[in-house]
Amino acid sequence: SAVISQKPSRDICQRGTSLTIQCQVDSQVTMMFWYRQQPGQSLTLIATANQGSEATYESGFVIDKFPISRPNLTFSTLTVSNMSPEDSSIYLCSVGGNRGKGTQYFGPGTRLTVL
Amino acid sequence: GENVEQHPSTLSVQEGDSAVIKCTYSDSASNYFPWYKQELGKRPQLIIDIRSNVGEKKDQRIAVTLNKTAKHFSLHITETQPEDSAVYFCAAGPNFGNEKLTFGTGTRLTIIP
């Protein structure tokens, strides 16, 4: 499976500020996904990031709050904008794998705390 | 869209016994069903998956069964060990391209030594 890294691994931020999370993969992948995992909860898809096109957002998530960049086939960023304590969560990127269609592998996650 | 329900939310079993976690899905177009294990503070790890052309798949102590007619699939862990303690998530998605997965709510499995 692909080696996936995320930066930062954790951060503590003040409300009203923004944080950009980076996701780097060691091989080219078509699709990258961004998830949010609130404490003790399941994984909720924020958006799908395609290289060369706008990200596709899920219901309840908007581009102004979670802008995404996908400049090439190995890298993506997710920005959490104008943060509030409700944004405190783990943010994970995932990429498609080579086990077959549909397989996804996750990055280590970014633990965000908003004060 | 797809909706995945997962039961139970918590499960405790004696070491050496078997554990079963069940999921149901709503979208008949879903054809890919992975299971992830997430240990505390770590990323979800893919442990086994099954596609709609297969009814059962086994990997050592772990097996997954799929009933497409009833739209449900299950994870079976035999001879449980303390290191099996974790949160397990089922998911469902289409079996083409790299399309999005819909996750269940998770099951916290505790193995009692």
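Quantities reported herein were computed from a predicted structural model and do not represent experimental measurements. A note on names: the letters A, B, ... follow the listed sequences, proteins ahead of strands, and every chain is numbered from 1.
Using a 4.5 Å cut-off between side-chain heavy atoms of Ile, Leu, Val, Met, Phe, Trp and Tyr, with links allowed through other members, A:Ile21 and A:Ile12 fall into different hydrophobic clusters. B:Ile21 and B:Val13 fall within a single hydrophobic cluster, where Ile, Leu, Val, Met, Phe, Trp and Tyr side chains are chained together by heavy-atom contacts under 4.5 Å. Residues A:Tyr35 and A:Phe75 do not share a hydrophobic cluster, clusters being chains of Ile/Leu/Val/Met/Phe/Trp/Tyr side chains in contact below 4.5 Å. Side-chain heavy atoms closer than 4.5 Å link hydrophobic residues (I, L, V, M, F, W, Y) into clusters, and following such links, possibly through other members, connects A:Leu19 to A:Tyr91. Connection of A:Leu43 to A:Phe61 is not established within any shared hydrophobic cluster, with ILVMFWY side chains joined at heavy-atom distances below 4.5 Å, either directly or through further cluster members.
Below 4.5 Å, heavy atoms of chain A meet heavy atoms from B:Gly104, B:Thr105, all part of residues 104-113 of chain B.
Rounded to the nearest 0.5 angstrom, A:Gln104 CD and B:Asp49 CG are separated by 11.5 Å. Distance check: B:Leu46 CG to A:Phe106 CZ gives 9.5 Å after rounding to the nearest 0.5 Å. Taking OH from B:Tyr36 and OG from A:Ser94, the interatomic distance works out to 7.0 Å, rounded to the nearest 0.5 Å. Rounded to the nearest 0.5 angstrom, A:Gln41 CD and B:Phe103 CZ are separated by 14.5 Å. With rounding to the nearest 0.5 Å, the separation of CD in A:Gln37 from CZ in B:Arg43 is 13.0 Å.
Counting non-hydrogen atoms of other residues, nucleotides and ligands closer than 6.0 Å to CD of B:Gln81 gives a total above 12. Other residues, nucleotides and ligands contribute only 12 or fewer heavy atoms inside 6.0 Å of the CD atom of B:Gln60. B:Glu15 CD: more than 12 foreign heavy atoms inside a 6.0 Å radius. Within 6.0 Å of the CG atom in B:Leu40, the count of heavy atoms belonging to other residues, nucleotides or ligands does not exceed 12. Within a 6.0 Å radius of NZ in B:Lys22, other residues, nucleotides and ligands contribute 12 heavy atoms or fewer.
Neither the backbone nor the side chain of B:Gln6 comes within contact range of chain A; no heavy atom of the residue lies under 4.5 Å from a heavy atom of that chain. For A:Leu92, the part lying under 4.5 angstrom from a heavy atom of chain B is the side chain only.
Between A:Met31 and B:Lys100, the closest side-chain pair of non-hydrogen atoms is not below 4.5 Å.
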